[in-house]
Amino acid sequence: RVAIRRLAACLHIFAPLFPGDRKVRRGLKEMMELASEVRNCDIALDLANQAALPADCPVRARLARGRSKGERKLLALIERRARRRTLERWRKRCSEPGHGRKRSGWSRTRSACDNARLHLPDLIRAYFDEGRRVTRHTVAEAELHKFRVQTKNLRYTIELFSSCYGDALGRYLQSLRRIQDALGAVNDCVTSRKLIAPRLPPASAARRALETFLARAAQRHLARFTR
């Protein structure tokens, strides 16, 4: 999943330099959805254990079956993509003369450090403007999720240029990782509730205990993000 996200982030940031990558993007999105499906089942099972959901609760078996099904679908997709050699053909096109000459703020003739100085300040400024807005107001779960994705994309972009900044960049990347981890944990609680709660009787003690546990856990993780 991380490798897919890193490549997708690169394609997003440097999109003008890589025209004709729509098939690659679609393939990455499809793989990411299946990989997330598998991971969500794993996280839901782990949180169900932490919430002390009864061992004989049928929802556990459903999650396990969902995970196995998602894993089979993901492996089959990877095998199909490997046979088509879509990524390999796209990489070959990228190396052809004249490829990627679409007008862009990124310069092929400048060094990586020069490009970083030109573009990263604006990306970082926009990110922190959005971060201040999110932390100052009560926002919906969808907006927190959007900011978490924005955090990942910024982190992966900065890491691409880490050689231009040296060790001094480490503490800033660590701050982004902490934000990403806190918001990721909040998202895990939200996603797990959607997976588990509807499969439990509405008035059952198990459902009440699960929802209480997940709500408190989400609030703890959200407090880590805002402080």
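Interatomic distance, CD1 of I4 versus CD of E30, reported as 10.5 Å (0.5 Å rounding). From Q150, atom CD reaches atom CG of L183 across 11.0 Å, with rounding to the nearest 0.5 Å. Here the CZ-CD distance, from R171 to Q174, works out to 12.0 Å after rounding to the nearest 0.5 Å. R39 contributes atom CZ, which lies 14.0 Å from atom CG of L74 (distance to the nearest 0.5 angstrom). Between the CD atom of E211 and the CZ atom of R207 there is a distance of 5.0 Å, given to the nearest 0.5 Å. For the atom pair CD of E130 and CZ of R125, the computed distance is 15.5 Å after rounding to the nearest 0.5 Å.
Heavy atoms only, all atoms of each residue included: C189 and H221 are closest at SG-CD2, 4.3 Å. For the residue pair V186 and L222, the shortest heavy atom distance occurs at CG2-N, 3.6 Å. Listed here is the closest heavy atom pair of S192 and A44: OG-CA, 3.5 Å. When all heavy atoms of A112 and C164 are compared, the pair lying nearest together is C-SG, 3.9 Å. Pairing each heavy atom of S162 with each of L169, the nearest pair is CA-CD2, 3.7 Å. The minimum heavy-atom distance linking V38 with E71 is given by the pair CG2-N, 3.4 Å.
At a cut-off of 3.5 Å, with distance as the only test, a side-chain donor of S175 or R178 sits close to an acceptor on the other residue. Between the side chains of R155 and Q180, at least one donor N or O sits under 3.5 Å from an acceptor N or O. Inspection of the R60 and N49 side chains reveals an N or O donor paired with an N or O acceptor under 3.5 Å.
Here L47 sits in one hydrophobic cluster together with I43, L45, L53, V59, L63, L195, I196, L200, L210, F213, L214; the rule is ILVMFWY side chains under 4.5 Å apart, joined directly or through other members.
The pair R177-E159 counts as a salt bridge, with a side-chain nitrogen and a carboxylate oxygen less than 4.0 angstrom apart.
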Can you list the steps and then say if E141 with N187 is a side-chain contact (heavy atoms from CB on, under 4.5 Å)?
CA-CA 8 Å; E141 293 169 355; N187 187 67; over 6 Å; no

Walk me through it: do I179 and Y127 pass the test side-chain contact (heavy atoms from CB on, under 4.5 Å)?
CA-CA 12 Å; I179 294 171; Y127 171 80; 3.7 Å; yes

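There is no path of hydrophobic side-chain contacts, each under 4.5 Å, that joins L75 to M31. Placement of L154 and V149 in two distinct hydrophobic clusters is found when ILVMFWY residues are connected by side-chain heavy-atom separations under 4.5 Å, directly or transitively. Both L28 and M32 belong to a common hydrophobic cluster when Ile, Leu, Val, Met, Phe, Trp and Tyr are linked at side-chain heavy-atom distances under 4.5 angstrom. One hydrophobic cluster holds both V134 and I124 under the rule that ILVMFWY side chains link at heavy-atom gaps under 4.5 Å. Under the 4.5 Å side-chain heavy-atom criterion for Ile, Leu, Val, Met, Phe, Trp and Tyr, V24 and L34 are members of the same hydrophobic cluster.
Side chains of L160 and R6 form no contact here, defined as non-hydrogen atoms less than 4.5 Å apart. Side-chain contact check for Y156 versus V2: some heavy-atom pair is nearer than 4.5 Å. Counting only heavy atoms from C-beta outward, the side chains of R1 and S36 approach each other to under 4.5 Å.
Atom CZ of R110 sits in a sparse spot, with 12 or fewer heavy atoms from other residues, nucleotides or ligands closer than 6.0 Å.
Side chain of S204 to main chain of P201: a donor-acceptor pair is present (N/O by atom type, distance under 3.5 Å, no hydrogens or angles). Between the side chain of R25 and the main chain of L11, a donor-acceptor pair closer than 3.5 Å is present. Side-chain atoms of T135 come within 3.5 Å of backbone atoms of R132 as a donor-acceptor pair (strictly under, hydrogens ignored).
Taking the six-membered ring for Trp, Y172 and Y165 have ring centres at least 6.0 Å apart.
With sequence neighbours left out, the side chain to side chain donor-acceptor pair (under 3.5 Å) criterion links T109 to S107. Residues passing the side chain to side chain contact (heavy atoms under 4.5 Å, CB included) test with S111 are C113, D114, sequence neighbours excluded.
Between F147 and F225, the ring planes lie tilted relative to each other; the angle falls in the 30° to 60° range.
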